[in-house]
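Below you'll find the structure, written out as structure tokens, and then a few comments.
Here is how names work: the chains are called A, B, and so on, in the same order as the sequence lines, proteins then strands, and each is numbered from 1. Excluded from the calculations below are hydrogen atoms, water molecules and symmetry mates; all remaining heavy atoms, backbone and side chain alike, are included.
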Amino acid sequence: MPSTYEKIQTYTAPSAQSSVTFSTISSAYTDLILVGNFVQSASTAFGSLSLRFNGDTASNYSYTGLQGSGSGSGVSFRASNSTQMDMASQNVIGEQNIIIQIQNYSNATTFKTAISRYNNPSGLVMSYVGLWRKTPEAITSLVFFPASQSFATGSTFTLYGIKAA
Amino acid sequence: MPTFTQIGSAVTVGSGGASSIDFSTIPSTYTDLVVILSARSSRSNTTDTVFLKFNNTNTTYTTRRLYGLGSTTGSDTGSSGNGVDIASINAATSTSSTFNNQQIYIPNYAGSSQKSVSSDSVSENNSSTGNFLNLTAGLWNGTSAINQITLTPDVGSFVQYSTAYLYGVSNA
């Protein structure tokens, strides 16, 4: 079987963590997938769950989200010139997961895009798309973090690489 | 090392149909599970619901869904002992030979916490009815490792040529 889907790094929180960082990401793949399975460290919600790349905190991010709360119609919203790429907004505590795909992350010629699917069966189900517009460079590190609260002990995060070749 | 490995054999429903699709004796050696389902139901309707059940257990499953249906969008919730309401699949009065397709992702399936599920599902059929796009979050309140997965239509049966594959994803 071709090795087209490989683990790059995995992380299990040994204690409550305010963020998770993957660094020194190899450029040997075509796309990245981040899978997180987590709960809050305390009984209040995270707010947003966001990405930053290569330590960039400038207003180079934008995103659009589609969200369902379990009633009514879906809600869509967006932000431009943000200092972070929101991949979910979160309002209820509980078991939750997120799957984020980052396309063509290692080239130095195009802006980078990401797609997320976030699932909190007690709160919200949603999908986000995000754009990072810093002068194009390969993504070599990323940080995933909540606006408030921390990821609880035992929360797991794995970064996979996908090869097109 | 490959991290995306097929578990067991692919399931292809035969001419007699199948009341359910079952993957059993799932080892705990992976990190996550992925189910790829292409399915159609015999129910005399444009759609049928599929339930996703673990370990043949009828304890509580909850579902939260965001969907598109033609020009309508909506969101709803559900709770059932039958399983996570994981998809609205094409059924007998839907355009012929059209099958729902979906991917179900189950992280940390062998852990001791409750199990959350992510599913993306489409049932496009080139008509104005029954063309669901579902984004679904599911939760099983069981804390045992998942060793069995059962997919069951609510009313009908899976028709011939419905297929299902189970993959294990390893972070080791």
Nearest 0.5 Å, please: how far is [atom2] in [Y] from [atom1] in [X]?
X      : Y      : atom1 : atom2 : answer
A:E95  : B:T143 : CD    : OG1   : 11.0 Å
B:Y105 : A:I33  : OH    : CD1   : 7.5 Å
B:S118 : A:N97  : OG    : CG    : 5.5 Å
A:I99  : B:D120 : CD1   : CG    : 7.5 Å
A:S71  : B:D76  : OG    : CG    : 9.5 Å
A:R117 : B:L135 : CZ    : CG    : 4.5 Å

Could you check which of B:V117, B:T63, B:D32 has the highest count of heavy-atom pairs closer than 4.5 Å to chain A? B:V117
Residue selection (most heavy-atom pairs with chain A, distance under 4.5 Å) from B:T62, B:T31, B:T73, B:T72: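 With the most close heavy-atom pairs to chain A, the winner is B:T73.
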Report yes or no: do B:N108 and A:T156 form a side-chain donor-acceptor pair below 3.5 Å? yes
Just by distance, with hydrogens left out, do B:S116 and A:N119 show a side-chain donor and acceptor under 3.5 Å apart?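 No, no side-chain donor-acceptor pair sits under 3.5 Å.
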With a 3.5 Å cut-off and sequence neighbours excluded, list the donor-acceptor pairs that the side chains of residues 149-163 of chain B form with protein atoms.
{"residue": "B:T150", "atom": "OG1", "partner": "B:D22", "partner atom": "OD1", "Å": "2.5"}
{"residue": "B:S162", "atom": "OG", "partner": "B:R40", "partner atom": "N", "Å": "3.2"}
{"residue": "B:S162", "atom": "OG", "partner": "B:V159", "partner atom": "O", "Å": "2.9"}

When hydrophobic residues are tied together by side-chain contacts of less than 4.5 Å, even through go-betweens, does [X] share a cluster with [Y]?
X      : Y      : result
B:Y30  : B:F4   : no
A:L34  : A:Y11  : yes
A:L142 : A:Y128 : yes
B:I36  : A:Y5   : yes
B:L52  : B:Y167 : no

Check whether A:Y160 gets within reach of chain B through its side chain, its backbone, both or neither, counting any heavy atom under 4.5 Å. side chain
Answer with side chain, backbone, both or neither: which region of A:Q96 has an atom nearer than 4.5 Å to a non-hydrogen atom of chain B? backbone
Transitive ILVMFWY cluster of A:V143 at side-chain heavy atoms under 4.5 Å: who else is in it? A:F145
Between A:G70, A:G36, A:G68, which residue shows the highest count of heavy-atom pairs closer than 4.5 Å to chain B?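 Looking at each of A:G70, A:G36, A:G68 in turn, A:G70 comes out on top.
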Do side-chain atoms of B:R64 reach the backbone of A:G123 as a donor and acceptor pair under 3.5 angstrom?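 Yes: the side chain of B:R64 pairs with the backbone of A:G123.
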Backbone N/O of A:S69 and side chain of B:S75: donor-acceptor pair under 3.5 Å: yes
Checking heavy-atom separations under 4.5 Å from chain B, one finds in residues 146-155 of chain A none
Could you name the residues of residues 39-67 of chain A that have a heavy atom within less than 4.5 Å of a heavy atom in chain B? A:L66, A:Q67
For B:V84, is it the side chain, the backbone, both or neither that has a heavy atom under 4.5 Å from a heavy atom of chain A?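 Contact with chain A is absent: no heavy atom of B:V84 under 4.5 Å.
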